[in-house]
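Numbering of residues begins at 1 and proceeds along the displayed sequence.
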Amino acid sequence: KPLTLTWDNGQGLVFKRLLAVDDKFMFTIRDEVENKGGSAVTLYPYGLVSRWGKPQTQGYYVLHEGMIGVLGGDGLQEYTYDSLAKEPVYGSGGATKGKAWNGVTGGFAGITDKYWAATAIPDQNVPYTGVFTERTDGATKVYQASVRSDARTVEPGTTVAATQHLFAGAKEVNAINEYERSLGIKKFDLLIDWGWFYFITKPMFRALDFFFHLFGNFGVSILV
């Protein structure tokens, strides 16, 4: 069942977050801010996924593991953990390295493993800034993908709402394709790494999957 979290900051703002999740681990997050104060406030819809500690990767050049996103006109962006560490300093302080894409509409930003992924998915109709960063917290490397939409002004006596999604689950082809269709997520199918020869591998997968469900045996499907 959906869960509602509420917090009053004691300065006139009441925050509400509605969390819902389906059986394939797509979360819907609706944030509302009510301004009971006497002056307008400016806030930014924001979402992120982060990984604490550099994971052990398989290191296959045909398999991407690391930061991933579809970000505006630049399209699919894939950064390994090592390549992200080579990016220029991002922001102030000099402790964070990263890459930003400004004025993006549609798509997502996240972190992917071989079979699993976690992605922040902003409102597909609102411009946002997508960012990949690496920083050090103590002795731990922290990798983060974030999305931040443009500023929203909450006038006194009004409520402003924003809805985002978070996918955190297995990269099942049919589920990913359905989310791209039903939620209108731009090129969400690229969350799965089909390789350079995607025009061969995608149809081949479809054939294998079809025969597997027909015979119930992957060995037979491969032979066919």
Side-chain angles (χ1 to χ4, degrees), residues 2-21 26-52 67-77 79 84 87-111 117-137 142-168 179 183-188:
L3 172 68
T4 301
L5 306 175
T6 304
W7 178 59
D8 189 329
N9 74 346
Q11 300 177 37
L13 297 180
V14 178
F15 295 80
K16 289 184 179 181
R17 169 164 289 175
L18 180 69
L19 294 168
V21 61
M26 177 66 80
F27 291 79
T28 299
I29 303 103
R30 176 179 170 82
D31 288 317
E32 295 183 3
V33 182
E34 181 182 3
N35 187 355
K36 295 182 177 181
S39 58
V41 295
T42 300
L43 301 171
Y44 295 82
Y46 183 67
L48 68 90
V49 295
S50 62
R51 162 164 271 157
W52 289 66
M67 318 303 290
I68 189 170
V70 169
L71 298 159
D74 290 341
L76 177 66
Q77 300 296 313
Y79 279 69
L84 185 60
E87 285 295 308
V89 172
Y90 178 81
S92 60
T96 299
K97 296 182 178 181
K99 171 77 173 178
W101 291 263
N102 300 310
V104 176
T105 302
F108 60 92
I111 303 173
T119 63
I121 305 165
D123 186 327
Q124 297 293 287
N125 300 309
V126 176
Y128 69 94
T129 296
V131 182
F132 295 158
T133 59
E134 180 217 68
R135 71 179 191 275
T136 301
D137 190 301
V142 182
Y143 304 91
Q144 182 170 295
S146 63
V147 293
R148 193 192 77 170
S149 300
D150 292 342
R152 304 284 298 274
T153 299
V154 191
E155 300 289 347
T158 65
T159 298
V160 169
T163 299
Q164 301 185 71
H165 290 88
L166 165 71
F167 175 74
Y179 287 135
L183 299 178
I185 306 171
K186 182 179 179 181
K187 297 183 178 179
F188 198 48

Compare all side-chain heavy atoms of Y79 with those of Q77 and state whether any distance is below 4.5 angstrom. yes
Distance (rounded to the nearest 0.5 Å) between W7 CH2 and R17 CZ: 11.5 Å
Rounded to the nearest 0.5 Å, what separates atom CZ in F15 from atom CG in N9? 5.5 Å
Does the side chain of D150 come within less than 4.5 Å of T129's, by heavy atoms? no
Nearest heavy-atom contact between T119 and L166 is O-CD1, 3.2 Å
Neighbour count above 12 (heavy atom, 6.0 Å) for K16 NZ: no
Within-4.5 Å side-chain heavy-atom neighbours: V33 and L43: yes
Determine the minimum heavy-atom distance between N35 and P156, stating which atoms define it. ND2-N, 3.5 Å
Considering non-hydrogen atoms only, spot the tightest contact between T105 and Q124 and give its length. CG2-O, 3.3 Å
First locate atom CZ of R148, then atom CG of N102, and finally report the distance between them rounded to the nearest 0.5 Å. 9.0 Å
Between I185 and G107 the two heavy atoms that sit nearest each other are CG2-O, 4.1 Å
Option among Y179, F188, Y128 that satisfies the ring-ring contact (aromatic ring centres under 6.0 Å, His included) test with F108: F188
Which pair of non-hydrogen atoms, one from A161 and one from E32, has the smallest distance, and what is that distance? CB-CG, 3.8 Å
Between atom OH of Y143 and atom CD1 of I111, what is the distance when rounded to the nearest 0.5 Å? 10.0 Å
CG (L71) and NZ (K186) are apart, to the nearest 0.5 Å, by 9.0 Å
For T133, is there any backbone N or O sitting under 3.5 Å from a side-chain donor or acceptor partner on E87? no
To the nearest 0.5 angstrom, please state how far the OG1 atom of T96 sits from the CD atom of Q144. 9.0 Å
For the residue pair K36 and D8, establish whether any side-chain heavy-atom pair is separated by less than 4.5 Å. no
V41/L13 under side-chain contact (heavy atoms from CB on, under 4.5 Å): CA gap, chis, key distance, verdict: CA-CA 9 Å; V41 295; L13 297 180; 3.8 Å; yes
For a quick test of reading the model, state the closest non-hydrogen atom pair linking G98 to Y90 and the distance between them. N-CB, 3.7 Å
